[in-house]
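In listed order, ligands and their atoms are each counted from 1.
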Amino acid sequence: MPHGPASRAAPRTAAISVIRPAAFGAAPDPLDALRAVLPGIAEAATTEDRDGAFPAGSVAALGEAGLLRAPLRRALGGRGWGIEPCGAAPLARALRLVGRASLPLGRLYEGHVNALRLVQRHGTAAQAEAAAGDAMAGMLFAVWNTDAPGEPPLAIDPAGRLAGRKVLCSGAGFATRALVTARPAAMPEAPPRMLLVPLPVGERADLAGWTAQGMRASATGAVDFTGLATSHDMAIGAPGHYLAQPDFSAGAWRFAAVQCGGAEAVLEALLGHLRRTGRGGDPHQAARLGQAAIAAETARLWVESAALRAEAAPATDDAATYANLARTAVERAALDVLELAQRSVGLTAFLRPNPLERLCRDLATYLRQPAPDRALGAAAADILVNGTEWDVR
Ligand SMILES: Cc1cc2nc3c(=O)[nH]c(=O)nc-3n(C[C@H](O)[C@H](O)[C@H](O)COP(=O)(O)OP(=O)(O)OC[C@H]3O[C@@H](n4cnc5c(N)ncnc54)[C@H](O)[C@@H]3O)c2cc1C
C-alpha cells in the first residue's frame, strides 16, 4: 500500500487486482454516457449555487459515466484521457461539455484529470496502479498547489510531518486524494516536491474564506496539513517535476477547455433569450449574437489545437507557447461573450433567478487563473525568437 496512516481512515475500496486493462470493454463510450447525465448536472448546478456547496451527486454521475477513470492509461483500465495522445480530443470535448453544464464541476473534474496525469507520468508503476484503483472506486483527486499569501509555504519538517496550509483548494473536504506541493522546511527555496496525500472526507478543510461571487459550489477552501505524517510512498516523482516544462504550461489547455464550455453556456443562454423575446432580428442584437458565436468558436478552436499539441507524445516543441496563447485567447473570447450577453439581455441578466446571472458569475470567477500576464509575455518572447509558423516548428 503506497499511502501513509491516513489511508486507513479513508480505505481504498477497490484492490489493485480488480484493475483489468480491458475493463471498459463493451462499456459505453464515456462521452455518450456523459451526454446522458449532462441535463441532470446542469439542473443540479442551479440549486447548488450556495456557499459551501459541493456537487456530490454530479461527481457520482461522472463516476457512473466512466469519467473518473477515463483519465487512466488504457493499460490501467482507462481511456487515456489527458495521458495518451488518443485521449486529447475526447478529453477536450468532455471538459467543454462538463464546463457548459456546470463550471464548478468542470473545475473539480479538471483537477481530477490533472492529478491522475501527474501520478501516472511521474509516479512509480505501483503508485499509478494504486491511483487507478482509487479512481475506479469513485474517489475524487485534486491538485492543490497554492500557498497562502503571507504564510510560509507548505513544508515537510525533519520528522517527515507536514506544516502549513494550502489555499484555494477545490474540493476541500471532499476530494480524498490530494496531490500537494511541499518543500523541506530547511530549504524553502528548493524545487517543490509532489505528495499524494489520502484525506478522509470532511477533515482539515475550511471553506469559510471562499466568499467569491461565483464558483460557489466548487468547495474551494483552505486545507491545513499541519501534523500530517508523510511517508516515502506519498512522494510522486522527483523535486521539481511538478513545474517541469512543457507540461506545466501546456496543461493550461485543460482549464481553458472548461472555460470554453462556460462561454458556450452563456452564448446558449443569450440565444435562448433572443428567441424567447423575439429580439434577435434587430440588427444590433444580431451583430452581438454573431460576435458572441465567433468568440465561442474561436475559443473552441484554440482549445482543440492546444490539446493536440500538449497531449502528443512527446508534447510538441511549441506546446507551452501555444497553450499560453490559447489560454489568453480563451480568456479574451469568454470576456467578450460575457460583455455581449450582458449588453444584449440587459438588466435581466443580473437578476436572480435568471440563469445568466449565475453563469456569468461563475465564468467571470473561473477566468481568474494564475499569472495571465506572464503567460502572454512568455509566449511573445518565444515567438520573437521562433516565429509563429506552428506547423513547421
Ligand atoms: C474557482 C477556482 C478554483 C481554484 N482551485 C484551485 C485548486 O484546486 N488548486 C490550486 O492550487 N489553485 C486553485 N485555484 C487558484 C488558481 O490556481 C490561481 O492561483 C488563482 O486563480 C490566481 O488568481 P489571481 O487572479 O489572484 O492570479 P495572479 O497570478 O495573482 O494574477 C492577478 C494579476 O496579477 C498579475 N501578476 C501575477 N504575478 C505578478 C507579479 N509577480 N507581479 C506583478 N503582477 C503579477 C497577473 O498577471 C494578473 O494580472 C482556484 C481558483 C479558482 C478561481
Engineer: Does the protein put any heavy atom within less than 4.0 Å of atom 3 (C) of ligand 1?
Structural biologist: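 Given the 4.0 Å limit, the answer for atom 3 (C) of ligand 1 is yes, a protein heavy atom qualifies.
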Engineer: Can you tell me which residue and heavy atom of the protein come closest to atom 9 (N) of ligand 1, and the distance to 0.1 Å?
Structural biologist: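 In this structure, atom 9 (N) of ligand 1 has V143 O, 3.0 Å as its nearest protein heavy atom.
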Engineer: Please confirm whether the ring centroid of Y322 lies under 6.0 Å from the ring centroid of W302.
Structural biologist: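 When the ring centroids of Y322 and W302 are compared, they turn out to be within the sub-6.0 Å range.
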Engineer: Between N354 and T348, is there a side-chain donor-acceptor contact under 3.5 Å, judged purely by atom types and distance?
Structural biologist: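 There is no such pair between these side chains.
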Engineer: Measuring to protein heavy atoms, does anything land under 4.0 Å from atom 34 (O) of ligand 1?
Structural biologist: no
Engineer: Are W253 and E304 linked by a side-chain donor-acceptor pair shorter than 3.5 Å?
Structural biologist: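 There is no such pair between these side chains.
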Engineer: For the residue pair Q285 / R288, report whether a side-chain donor-acceptor contact shorter than 3.5 Å exists.
Structural biologist: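 Per modelled atom types, R288 and Q285 side chains form a pair under 3.5 Å.
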Engineer: Do side-chain atoms of R117 reach the backbone of G82 as a donor and acceptor pair under 3.5 angstrom?
Structural biologist: yes
Engineer: Write out the residue and atom name of the closest protein heavy atom to atom 12 (N) of ligand 1, then the distance separating them to 0.1 Å.
Structural biologist: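 The closest heavy atom on the protein side is T146 OG1, 2.9 Å.
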Engineer: Could you find the nearest protein heavy atom to atom 28 (P) of ligand 1 and give me its residue, atom name and distance?
Structural biologist: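 Going by distance alone, atom 28 (P) of ligand 1 is nearest to A371 N, 3.9 Å.
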Engineer: Determine if the distance from atom 44 (N) of ligand 1 to the closest protein heavy atom is below 4.0 Å.
Structural biologist: no
Engineer: Taking 4.0 Å as the limit for heavy-atom contacts, which would you say applies to R107 with ligand 1: side chain only, backbone only, both, or neither?
Structural biologist: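 Side chain only.
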Engineer: Side chain, backbone, both or neither: which applies to L168 and ligand 1 if a contact is any heavy-atom pair less than 4.0 Å apart?
Structural biologist: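 It is both parts that get close, each with some atom under 4.0 Å.
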Engineer: Contact between C169 and ligand 1, counting heavy atoms under 4.0 Å?
Structural biologist: yes
Engineer: Tell me the protein heavy atom at minimum distance from atom 47 (O) of ligand 1, and give that distance in Å.
Structural biologist: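 Sorting protein heavy atoms by distance from atom 47 (O) of ligand 1 puts D373 OD2, 2.7 Å first.
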Engineer: Return yes when P370 approaches ligand 1 closer than 4.0 angstrom through a heavy atom, no otherwise.
Structural biologist: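 A heavy atom of P370 does come that close to ligand 1.
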Engineer: Identify the protein heavy atom lying closest to atom 51 (C) of ligand 1, giving its residue, its atom name and the separation to 0.1 Å.
Structural biologist: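 Heavy-atom neighbour on the protein nearest atom 51 (C) of ligand 1: R368 O, 4.5 Å.
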Engineer: Looking only at distances, can you tell me whether any N or O atom of Y366, backbone or side chain, sits closer than 3.5 Å to an N or O atom of ligand 1?
Structural biologist: no
